[in-house]
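Report on the following structure.
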Amino acid sequence: MKNMIAAAIILAASALPGYASDDIAALSDTQFAHAAYTADNIDIRYAHLALAISTTPEVREFARTMIADHEAVNAAALALLDKLGAQADDNFLSQKLNADAEGIIDKLSQLRGAEFDRAYAENELAYHQAVNGLVEGVMIPNIDHPEVKALFEQGLEIFKVHETHAEMMVKAVQ
């Protein structure tokens with residue numbers, strides 16, 4: 001049962017969009033912005049769950065980092081949208097991300113102790129791999145506005161560091 005829950009979480013995170021990359025590539029900059037903002041908020045939710053459930057110092061520190069970094073990137077994104085007089089547009093990708101996150105949160109919230117820590121760490125690694133791959137391989141090459149592209153590139157640098165930390169956390173909680 002434990003491994004089945006972890007496998008379901010990883011599968012849901014790695015099968016992230018459920019759409020062809022061409023469908024995603026066709027989104028507008030403001031739709032990319034909404035999807036990225038949504039992805040950040042989801043990871044913030046995962047981190048708050050980790051702070052509520054985990055007692056492991058490394059997991060809690062990672063969760064605090066996720067909250068701080070993702071909130072900072074979202075604040076920068078909102079400031080840029082305001083500067084550009086634009087508004088992020090909800091879309092199928094944002095909706096899919098939210099729907100998948102609900103299932104993952106439901107599964108994670110049922111776990112405790114080392115079982116939670118392992119599932120959270122594995123989810124964070126899979127989530128960052130999936131989102132980073134999507135941002136780097138599909139979103140950034142298709143963003144039109146140079147300031148929006150620059151913000152995505154800066155965010156990707158931060159989130160690649162998160163991916164590396166998540167890899168270390170997975171090893172530490174095994």
Would you be so kind as to tabulate the donor-acceptor pairs closer than 3.5 Å made by side chains of residues 139-146, with sequence neighbours excluded?
residue: Asn142; atom: ND2; partner: Val138; partner atom: O; Å: 2.6
residue: His145; atom: ND1; partner: Glu147; partner atom: N; Å: 3.1

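- Through ILVMFWY side-chain contacts below 4.5 Å, Leu81 is grouped with nothing and stands alone.
- Within 6.0 Å of atom NZ in Lys149, more than 12 heavy atoms from other residues, nucleotides or ligands are found, so the atom counts as buried in its surroundings.
- The heavy-atom pair separating Ala35 from Asn91 by the smallest distance is N-ND2, 4.3 Å.
- In this structure, Glu153 has no salt bridge (charged side-chain N to carboxylate O under 4.0 Å, His left out) partners at least two apart in sequence or on a different chain.
- Of all non-hydrogen atoms in Ile67 and Ala47, the two that sit nearest each other are CG1-CB, 3.5 Å.
- Among residues two or more places apart in sequence or in another chain, the salt bridge (charged side-chain N to carboxylate O under 4.0 Å, His left out) test is passed with Glu71 by none.
- Under the side chain to side chain contact (heavy atoms under 4.5 Å, CB included) criterion, Val73 pairs with Asp40, Ile158, Phe159, sequence neighbours left out.
- For the pair Ile53 and Leu108, the tightest heavy-atom approach, listed with the atom from each and the gap, is CD1-O, 4.0 Å.
- Residues satisfying the salt bridge (charged side-chain N to carboxylate O under 4.0 Å, His left out) criterion with Arg64, sequence neighbours excluded, are Glu61.
- Among residues two or more places apart in sequence or in another chain, the side chain to side chain contact (heavy atoms under 4.5 Å, CB included) test is passed with Gln154 by Leu151.
- Sorted by first and then second residue, the ring pair (Phe, Tyr, Trp, His ring centres under 6.0 Å) pairs involving residues 96-116 (not counting sequence neighbours) are Phe116-Tyr120.
- The hydrophobic cluster containing Val170, built from Ile/Leu/Val/Met/Phe/Trp/Tyr side-chain heavy atoms closer than 4.5 Å, also comprises Leu125.
- Connectivity analysis of hydrophobic side chains (ILVMFWY, heavy atoms under 4.5 Å, direct or indirect) links Leu78 to Tyr37.
- Between the side chains of His162 and Asp69, at least one donor N or O sits under 3.5 Å from an acceptor N or O.
- Under the side chain to side chain contact (heavy atoms under 4.5 Å, CB included) criterion, Glu58 pairs with Thr56, sequence neighbours left out.
- Residues satisfying the side chain to side chain contact (heavy atoms under 4.5 Å, CB included) criterion with Thr30, sequence neighbours excluded, are Ser28, Ala86, Asp89.
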